[in-house]
Amino acid sequence: MDLLNSLNDKQREAASHDKGPVLVIAGAGTGKTRVLTHRIAYLIKTGKAHPREILSITFTNKAANEMKERIGQLIDYNIDRMWIGTFHSICVRVLRKNIEKIGYDKNFVIYDTDDQKLLVKDCIKEMDLDVKKYNVNAIRSRISNLKNSRISPDKFINDNYTDFYLRNVGELYSLYEKKMKISNALDFDDLLIKTLSLFENNKDVLLDYQDRFKYVLVDEYQDTNRVQYLLVRMIGKKNNGESNVFVVGDEDQSIYGWRGADIHNILDFEKDFKGAKVIKLEQNYRSTDIILNAANSVIKNNSQRKGKNLWTDFEEGELIRVIEVDNEKEEAFMIASSILKEIKNDLSYSNMAILYRTNSQSRALEERLIREGIRYKIVGGLKFYGRKEIKDIIAYLMLVQNPKDNISFRRIINVPRRKIGKKTIDTIQTYANNNELSLFEAAYEVRQMELTSSAVKSVEKFISIIELLMVKKDAMSLSEFMQAIYEDTGYKAMLESEDTIEGRSRVENVNEFFSAAVDFEERYEQNTLEDFLAHISLLSDVDKTDEKANDCVTLLTVHSAKGLEYDVVFIAGLEEKMFPIIRDNDGDDEDIEEERRLFYVAVTRAKKTLYLSFANERMVFGNHMYRTKSRFINEIPFEYLDVEEERTYVSKTKQKKQETKELFKGEIDLFSDIKPKYEENNKKTDKLCMGDKVKHKAWGIGTIVQMKGEGEDTMVTIAFENKGIKTLMLSFAPIEKA
DNA sequence: CGATACGTCCTTTTT
DNA sequence: GGACGTATCG
């Protein structure tokens with residue numbers, strides 16, 4: 001069949017497999033997405049399955065969309081009725097239809113990690129516990145772990161009755177669950193767990209889905225957790241003993257153990273699904289021989305693996321460049337310089353990525369990239385949807401969608417200011433707690449509470465605003481409704497009256513959010529408010545990055561980089577305690593193995609060129625900390641490395657650094673056509689000051705609203721008339737006094 | 001009630 | 001070095 005002609009033998013064997021469970025062990029870059037898309041196309045084209053009989057689970061929505069597209073290119077069938085998406089989005093789909101069967105309202109909302117934290121905080125306060133002893137984040141992740149292990153609050157409390165601290169953790173867990181229920185809200189874990197219990201308690205519902213989905217495919221199987229495994233088994237294993245479960249994964253790329261992912265799911269697949277066929281894909285089509293050998297040498301230090309060895313037909317390629325620097329600023333400098341050098345080799349920015357272990361590393365890199373005029377985009381980190389103004393608008397949306405949502409209620413009852421202060425809110429909260437009501441329900445009975453008449457009036461006014469919006473919701477399209485929210489609540493007036501730099505950039509953000517809603521409306525048929533809310537809360541960081549931002553260097557964590565590839569990859573911060581991250585007193589072997597897998601993932605993102613950098617000193621919380629080279633660099637055989645840079649940096653005197661800077665300066669200037677001469681610019685520092693009008697080459701006229709730093713490090717924030725607020729390095733910005 | 005001023009904690013990684 | 005919470009004052 002010519003559909004499968006372009007595949008190699010192993011890939012074809014997997015794609016054309018008929019009935020029965022299959023585990024495809026697919027090393028990095030061995031074409032697993034090809035196998036998945038071709039398999040689906042094959043199933044449909046040969047008539048083995050109708051699109052609606054296929055359930056395909058991916059790790060991100062982006063991966064789902066790409067797969068859909070690629071299948072569409074392979075065959076000429078309508079595949080809209082196929083289910084493809086992340087575990088979470090598929091569970092939402094199931095729950096929207098069936099959640100009433102397990103005692104929730106259909107209009108439930110999804111709480112993200114921030115919402116969860118607020119809720120945990122509430123619980124700690126309500127139980128009058130010491131905030132210092134009960135760390136919100138620790139409790140939150142503990143609750144998450146317990147939920148995923150399916151340990152109930154009662155059981156946990158009983159098991160730990162003699163331990164004061166743990167017993168309280170159990171009580172917090174219990175209270176948290178109670179509050180979630182009152183708010184008719186589900187957290188990320190609930191989406192999976194509630195689906196599981198729905199299936200367990202309603203066999204008929206489960207049977208429907210078992211019947212429907214003849215073929216179940218799961219990508220990134222190594223990163224599934226216990227609950228996800230159970231879901232796959234439930235839907236995949238039919239009553240007649242048949243199970244057409246097709247999972248693809250790579251135990252060497254299992255990097256979500258901390259989130260409950262269980263590497264044993266993939267290691268034990270053959271036990272779990274009797275008669276499973278195992279197919280190994282070992283030919284890599286991505287990286288050079290040297291990069292691959294380096295990756296292999298590192299990962300073989302792990303014990304928890306099935307074992308495989310990637311190989312390639314590709315040429316040997318370049319040596320891996322190791323860069324040793326003094327600190328994170330120099331690291332950023334060296335990376336930026338190397339990017340500019342690579343640009344010379346006909347590579348574009350979009351072919352390059354900088355990977356790091358923690359999001360906080362992006363700042364130093366970013367500063368340098370701005371300074372060198374290198375376009376970049378950051379995946380994750382400062383999250384658009386995490387901004388106050390966006391969260392506020394979302395809270396309004398969520399409250400109208402589900403009035404029981406207490407977290408959202410609290411968030412916006414006094415934003416914009418409505419003269420409803422802490423005391424009033426506490427009173428409502430107490431009343432709500434005593435009567436087992438949600439805050440919104442309690443607010444209706446505000447007259448029964450001991451409050452001043454003006455407070456009562458303010459609360460009632462707030463209620464009527466929300467009530468009106470609830471009516472409007474059903475009469476308007478999503479985007480119209482969002483506009484109504486913005487105006488009716490007074491939020492728009494609040495932002496516009498602010499008239500500060502931040503205020504204006506908030507207006508811009510809100511507008512951007514609205515255009516995202518319009519976009520959503522046009523793109524999807526299912527485009528109600530609840531669809532939109534589910535959509536935005538389930539987007540992954542990778543999903544959120546702007547595809548349209550063209551020709552940019554990508555900055556992202558190694559976790560976010562999973563599944564992606566670039567010609568040139570920089571891995572930054574390769575120091576002990578950084579990558580691998582080792583927290584003070586736990587030297588768990590399993591943790592180190594996961595870190596090593598993470599490094600393996602990072603290395604195998606590179607197609608042609610790989611840079612590894614480490615700093616001898618790094619700022620942590622504003623303290624200088626000495627660092628040593630990561631063990632992972634030492635695990636790569638020396639013959640694959642080019643450590644020349646090390647010699648450049650043998651001396652740590654300032655003079656030596658100057659020399660290196662000089663060395664790169666000439667090259668940098670070659671490419672910086674938008675960057676005027678450095679010296680000339682430096683003089684601007686003296687001339688310009690706050691409030692001055694300036695003219696920018698690209699952005700036109702603007703006003704300086706902030707200046708930070710001195711001399712060549714001065715940063716200016718300029719409010720442009722049409723282009724918004726930008727922060728620039730004064731010494732490099734193409735601006736002049738207007 | 002709300003604005004401002006300082007102290008404390010923190011950081012893995014994300015659906 | 002920054003987000004967030006508490007203290008203090010207008």
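Letters A, B, ... are given to chains in the order of the sequence lines, protein chains preceding strands, and every chain is numbered from 1. Heavy-atom basis, side chains included; hydrogens, waters and symmetry copies ignored.
Protein atom CG of Leu186(A) is 18 Å distant from nucleotide atom P of dT15(B), rounded to whole Å. Atom C1' of nucleotide dT15(B) and atom CG of Leu192(A) are separated by 8 Å, given to the nearest angstrom. As a whole-Å value, the separation of Ile110(A) CD1 from dT15(B) C1' is 10 Å. Distance Ile536(A) CD1 to dT14(B) P: 19 Å, rounded to the nearest Å. Here the C1' atom of nucleotide dT15(B) and the CG atom of Asp112(A) are 11 Å apart, to the nearest Å. For the pair Asp122(A) CG and dG5(C) P, the interatomic distance rounds to 11 Å; values are reported in whole Å. Per the geometry, CD belonging to Gln228(A) stands 16 Å off P belonging to dT14(B), to the nearest Å. Taking atom CG of residue Asp114(A) and atom C1' of nucleotide dA3(C), one finds them 12 Å apart after rounding to whole Å.
Considering only residues two or more places apart in sequence or on other chains, Ala395(A) meets the side chain to side chain contact (heavy atoms under 4.5 Å, CB included) condition with Ser408(A), Arg411(A), Ile412(A). Looking at residues two or more places apart in sequence or on another chain, you find a side chain to side chain contact (heavy atoms under 4.5 Å, CB included) between Thr554(A) and Ala353(A), Lys377(A), Val379(A), Leu556(A), Tyr566(A). Taking the side chain to side chain contact (heavy atoms under 4.5 Å, CB included) definition, one finds that Glu635(A) meets it with Val298(A), Asn301(A), Arg596(A), Arg631(A), Phe632(A), sequence neighbours left out. The side-chain hydrogen bond (donor to acceptor under 3.5 Å, both in side chains) search around Tyr611(A) returns Glu342(A), not counting sequence neighbours. Scored by the side-chain hydrogen bond (donor to acceptor under 3.5 Å, both in side chains) test, Arg150(A) finds Glu200(A) as partners (sequence neighbours excluded). For the salt bridge (Lys or Arg N to Asp or Glu O under 4.0 Å) test, no residue two or more places apart in sequence or in another chain qualifies with Lys133(A). Residues passing the side chain to side chain contact (heavy atoms under 4.5 Å, CB included) test with Glu460(A), sequence neighbours excluded: Val446(A), Arg447(A), Val456(A).
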Short heteroatom pairs, N/O only, protein and nucleotides 1-4 of chain B, under 3.5 Å:
unit_1	atom_1	unit_2	atom_2	d
dC1(B)	OP1	Gly421(A)	N	2.9
dG2(B)	OP2	Asn414(A)	ND2	3.2
dA3(B)	OP2	Arg417(A)	NH1	2.7

Atom pairs, protein N/O to nucleotides 8-10 of chain C N/O, distance under 3.5 Å:
none

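Counting any heavy atom pair closer than 4.0 Å across all strands shown, Lys562(A) reaches no nucleic acid atom.
For an aromatic pair to be called close, the ring centres must be under 6.0 Å apart, and Phe579(A) with Phe614(A) fails this.
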Handout entry: Nucleotide-resolved protein contact map, nucleotides 6-13 of chain B, B/S/- at heavy-atom distance under 4.0 Å
Key = ---SBSBB
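If you take atom C1' in dT13(B) and the same atom in dC4(C), they sit 22 Å apart, rounded to whole Å.
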Can you give me every donor-acceptor pair (side chain of residues 227-234 of chain A, partner residue at least two apart or in another chain, under 3.5 Å) with its distance?
unit_1	atom_1	unit_2	atom_2	d
Gln228(A)	OE1	Asn225(A)	N	2.8
Tyr229(A)	OH	Arg233(A)	NH1	3.4
Tyr229(A)	OH	Asp272(A)	OD1	3.3
Tyr229(A)	OH	Asp272(A)	OD2	3.4

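Counted by atom type alone, Gln361(A) and Thr358(A) present one or more donor-acceptor pairs between their side chains at under 3.5 Å.
Every pair passing salt bridge (charged side-chain N to carboxylate O under 4.0 Å, His left out) that includes a residue from residues 120-130 of chain A is listed here, sequence neighbours excluded: Asp122(A)-Arg410(A), Glu126(A)-Lys179(A).
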